[in-house]
Amino acid sequence: MPVSREIAIVADPAAAAAERIAAVVRRGGQIALAGGSTPRRAYELLADMDLDWSETELWLGDDRCVAADHEHSNYKMVSEELVDRLPADRRPRAWHRIRGELGPHDAADVFEQELRATFGEAADMPVFDLILLGIGPDAHTASLFPDDAALAERRRWAVGVETPGMAPLVPRVTLTLPVLDAAREIVFLISGADKADAVARAFGDAPGLDAPSSLVNPADGALTVLLDEPAAARLPTS
Ligand code: 6PG
């Protein structure tokens, strides 16, 4: 079980997520961000905050195997919404890209080497200060899809996923579950009625391989789920 587990239904989950991330940026640390469309607003809000990111290193929890300037690139999205909008002298001291153009397996190897060079070759798992995650309507998180072999990985820090369970149907690279579980803080940012079923399966039901987001369990960390009313609509009331 996580050290703490909070499910917070709030009017503006993106703003709440931006505040959580800002708190880590103020003290400096290692942060992995989510792709997809939901976090865009959180990144815009962060770009407008008066924050010095120079003690922070930014990573992605997953990316699609496309070029860095491709419309499906999470790196491009986070660069445009956040990193490129920061003043040059207040940018993160590193902004790590996943080299998707190498193909999923080579890109995962290179990503893992970069993680090991930063977190220590001898480390069992990297310990992120905060990992931001989203969930898909199928309850996937990062690029960990229902019933995929990647869910069984216990040793690797990053793996390639050749066939994602959802669009865009391009191979992916993702952090593995044990890396998510080693984090000090996991924040899920979720909004919209189309996520209500997935939210109920992820956080209202018993964990299972058919709902990868239900498996995220940071044993020494805090788990926070920030969601709006429509996304929370099918959570059991207790
Ligand atoms: C990705 C992700 C993924 C995402 C969910 C939700 O690269 O697609 O990181 O796990 O967070 O699919 O995506 P939306 O916010 O677009 O619904």
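Remember, predicted model here, so these are calculated numbers, not experimental data. First listed ligand is number 1; within each ligand, the first listed atom is number 1.
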Between ligand 1 and the protein, which N/O pairs are shorter than 3.5 Å?
unit_1   : atom_1 : unit_2 : atom_2 : d
ligand 1 : 7 (O)  : D62    : OD2    : 2.9
ligand 1 : 7 (O)  : R64    : NE     : 3.0
ligand 1 : 7 (O)  : N74    : ND2    : 2.7
ligand 1 : 8 (O)  : R64    : NH2    : 2.8
ligand 1 : 9 (O)  : G35    : N      : 3.2
ligand 1 : 9 (O)  : D62    : OD1    : 2.6
ligand 1 : 9 (O)  : D62    : OD2    : 3.2
ligand 1 : 10 (O) : H140   : NE2    : 3.4
ligand 1 : 10 (O) : A142   : N      : 3.2
ligand 1 : 10 (O) : A142   : O      : 2.6
ligand 1 : 12 (O) : H140   : NE2    : 2.8
ligand 1 : 15 (O) : S37    : N      : 3.3
ligand 1 : 15 (O) : T38    : N      : 2.9
ligand 1 : 15 (O) : T38    : OG1    : 2.4
ligand 1 : 16 (O) : S37    : N      : 2.8
ligand 1 : 16 (O) : S37    : OG     : 2.9
ligand 1 : 17 (O) : K195   : NZ     : 2.7

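A salt bridge between R184 and D220 is absent, with no side-chain N of the basic residue lying under 4.0 Å from a carboxylate O of the acidic one. A salt bridge links D50 and R90; the closest N-O separation between the charged side-chain nitrogens and carboxylate oxygens is under 4.0 Å. Between D138 and R201 there is no salt bridge, since no side-chain nitrogen of the basic residue lies less than 4.0 Å from a carboxylate oxygen of the acidic one. Using a cutoff of 4.0 Å between basic side-chain nitrogens and carboxylate oxygens, D48 and R85 are scored as salt-bridged.
Ring pair W157/F111: centre-to-centre distance not below 6.0 Å.
Applying the salt bridge (charged side-chain N to carboxylate O under 4.0 Å, His left out) test to every pair with at least one member in residues 11-33, sequence neighbours left out, gives these pairs: E6-R20, D12-R41, R20-E185.
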